[in-house]
Number of protein chains: 2
Amino acid sequence: MTVTLADVAARARVSPATVSRVLNGNYPVASSTRERVLRAVDELDYVLNGPASSLAAATSDLVGILVNDIADPFFGIMAGAAQSEIGGPGDGSGRGGGEKLAVVCNTGGSPERELTYLTLLQRQRAAAVVLTGGALEDPAHQAAMAVKLARLADAGTRIVFCGRPPLPDTDAVVAALAFDNRGGARRLTEHLIALGHRRIGYVAGPLERTTTRHRLEGHREAMKAAGLYGDEESVTVHGPYDRSSGYDATLELLRREPEVTAVVAANDTVALGACAAVRDRGLRIPQDISVAGFDDLPFSVDAVPALTTVRLPLFEAGARAGRLAMGKETPPPGGMATIAAELMERGSTAAPAR
Amino acid sequence: MTVTLADVAARARVSPATVSRVLNGNYPVASSTRERVLRAVDELDYVLNGPASSLAAATSDLVGILVNDIADPFFGIMAGAAQSEIGGPGDGSGRGGGEKLAVVCNTGGSPERELTYLTLLQRQRAAAVVLTGGALEDPAHQAAMAVKLARLADAGTRIVFCGRPPLPDTDAVVAALAFDNRGGARRLTEHLIALGHRRIGYVAGPLERTTTRHRLEGHREAMKAAGLYGDEESVTVHGPYDRSSGYDATLELLRREPEVTAVVAANDTVALGACAAVRDRGLRIPQDISVAGFDDLPFSVDAVPALTTVRLPLFEAGARAGRLAMGKETPPPGGMATIAAELMERGSTAAPAR
DNA sequence: TACCGCATAGAAAGCGCTTGCTACGGCTGT
DNA sequence: ACAGCCGTAGCAAGCGCTTTCTATGCGGTA
């Protein structure tokens, strides 16, 4: 049936142990022998049996990357960057040895699926796991995650957070890279205030997510600092991180608070929906209403007018997370680093009309 | 160390065989026994050893989804849909049994990486593989792929193509879902011609890709049918499927052929770049130049003006591919189906000025 | 009461690989 | 010239699970 190590050994006239050692390159083998073995491998088109190998060695070459929404470039960019750092040598040029199988798992933002995927990766004895995106703030879920991650770490899995704040009471995590969502949001709102806006609507992300909360907090910090903090509830609307949510929420906002002169969206996708809503109400951007996003996804610069937003170095962060997962880079002190967010002032924000 | 089947068996006072049978549910076990076993599993927080299981059973619960670019929603949407069909019961609500680990692998469009990933999946004895996106037309690579896929199929892996034309000489593939790129492109160009355009620029995708070729062929069919087929080379520019390529190519096009009144882009992302280029040249869309895309990605409706494009049912196709990979759906006759593409007429195209 | 069959549980033989330990030359050092 | 080493290669014992085959006990029928 399929070719086994033993077949290769027979053909190369060595023992299976030797073949294994040639393939793993972790034991001295005379070069003449090595060559003979490699030739046999080639001739027989031998492919290692992963499960058998993982079982015997008690480790696997699987690395999982968990994302909330694979259709969202926010995650796609990070995942792609991480994968390129993990997925073997260079550009897959050859059989370099450290061939890892980097795979991305789509949780759809569901906590159950997140745990399910972690269990599946635990089953596979994954070498590492990268968790991207904000965390859910439900205490029950956080506790379950802490337990699961601790178990994974126990089994030797390296755990890295990317764009997610560190878990309070776990040292299972190798490193946590957190985006400075709060600072970015603060600077964005400060920019709006500097332009002269006083009444600013906020289309927030889903409740109970760290990302949502941090961005909202940054915004309110800026408002407070400017003495503009009032009945914020009436100009804040929550919803998922998607376009239609931004559209609906913005219509609602404009209906509720006609004096609003600027709308800050939870992210760029939501901002796109917000722009559409503003226009459908017959208002101009930025003359009548300023709109701002967050993340600086690739399409944001092409919006008309180009979207003012906060740039997050998604690619760099993903790549770094990948390297940390592979142990190719030493973790930051304290196992945690904050990644700066940069304000991108573009055409969708301007001084209010009056 | 970690909990094994034997530990569970000891605690439940049964044999390991019985525990295995309870977990797999493929053999009659008295309900009292089953209950006892399940309790032990719970109490010990037992997690199956995947490699051991796969080794013994000679199958694994891994399913691979190969994509060209994970940061591109085109692939993200398909992959997400496929994954949701594959990844276990419902929304991960519980331990339903058919828990598969659906993982997406990012090839970055590189043929080597594509093969590398297939080898890695073969190593893991993957249950199924879904290949998305157009194929490279390099004969050497196609041959290598055919061989590799045949081997995978031999080992029991189910192979499904999604948005990729069937391989000529392989019956290793369970099913191939191909998009009607040619027909969609033809109808799009017909629409432009009907509006009165005569000189139409085409910003094509990368060479040697089936998707690129089919879309270009559809476009030229329409041009020929209208008697407009001339020196097409001078109004066609190739480049990768990204925004900056669209921008550069369009500038080049407008420089080379000032009489062009419409630009058709290889996909929506490229179209966004094209729009930016048109505007930077001081021209208006659609009054001076019409622009059209392909795929109808979510952001396309939010472009200003909204992008005329060709809608591909990415989600539905991905979901169907997922079901086919799981054997939940019977393959179409001949193992291949063509998926219709629908023209979406929106604001970015209009009759030319004169 | 004796026999047969069914339902259920256990024993044990691997699945294909890794790796600690052992074995065996040929070289070096004295 | 002999002991001791180093460089290589093989032996064999698992890794933790699945699954075939066998054993046991029970109820029902003749």
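So you know, we letter chains A, B, ... as the sequences are listed, proteins then strands, and number each from 1.
For Y27(B) against dA7(C), no side-chain N or O and base N or O form a donor-acceptor pair under 3.5 Å.
Contact annotation: S20(B) side-chain N/O to dT18(D) OP1/OP2 distance is under 4.0 Å. One finds no side-chain N or O of T4(A) lying less than 4.0 angstrom from the OP1 or OP2 phosphate oxygen of dG16(C). Under 4.0 angstrom from either OP1 or OP2 of dC15(D) there lies no side-chain N or O belonging to N49(B). Residue T18(B) has a polar side-chain atom (N or O) positioned under 4.0 Å from OP1 or OP2 of dG10(C). For dG10(D), one of the phosphate oxygens OP1 or OP2 lies less than 4.0 angstrom from a side-chain nitrogen or oxygen of S15(A).
Using a 4.0 Å heavy-atom criterion, one finds that N26(A) contacts the sugar-phosphate atoms exclusively.
The side chain of L48(B) lies closest to dC17(D) when the candidates are dT8(C), dC17(D), dG14(D). Closest approach to the L5(B) side chain among dG16(C), dC17(D), dC11(D) is made by dC17(D) (side chain taken as heavy atoms from C-beta onward). Considering only the side chain of V14(A), dG10(D) comes nearest among dA9(D), dG10(D), dC17(C). Nearest to the side-chain atoms of L55(A) among the listed nucleotides dG10(C), dG16(C), dC17(D) stands dG16(C). Among the nucleotides dA9(C), dC15(D), dA9(D), the one closest to the side chain of A30(B) is dA9(C). Distances from the side chain of A17(B) to the nucleotides dT18(C), dT19(D), dG16(D) place dT19(D) closest. In this structure, of dA9(C), dG10(D), dA9(D), it is dG10(D) that holds the atom nearest to the side chain of R21(A). Checking dG16(C), dA9(C), dT18(D) against the side-chain heavy atoms of T33(B) singles out dA9(C) as nearest.
A donor and an acceptor atom, one from each side chain of S110(B) and T107(B), are nowhere located under 3.5 Å apart. Between the side chains of T116(A) and T119(A), no donor-acceptor pair of N or O atoms lies under 3.5 Å. Side chains of N68(A) and E114(A): a donor-acceptor N/O pair is absent below 3.5 angstrom, by distance only.
Just one residue in the list D61(A), N49(A), L48(A), V103(A) forms a side-chain contact (heavy atoms from CB on, under 4.5 Å) with Q124(B), and that residue is D61(A).
In terms of position on DNA chain C, the residue among A52(B) and S32(B) whose nearest nucleotide sits closer to the 5' end is S32(B). Both A6(A) and P28(B) lie near DNA chain C, and the one whose nearest nucleotide falls closer to the 5' end is P28(B).
Residues S60(B) and K100(B) come closest through the heavy atom pair O-NZ, 4.4 Å.
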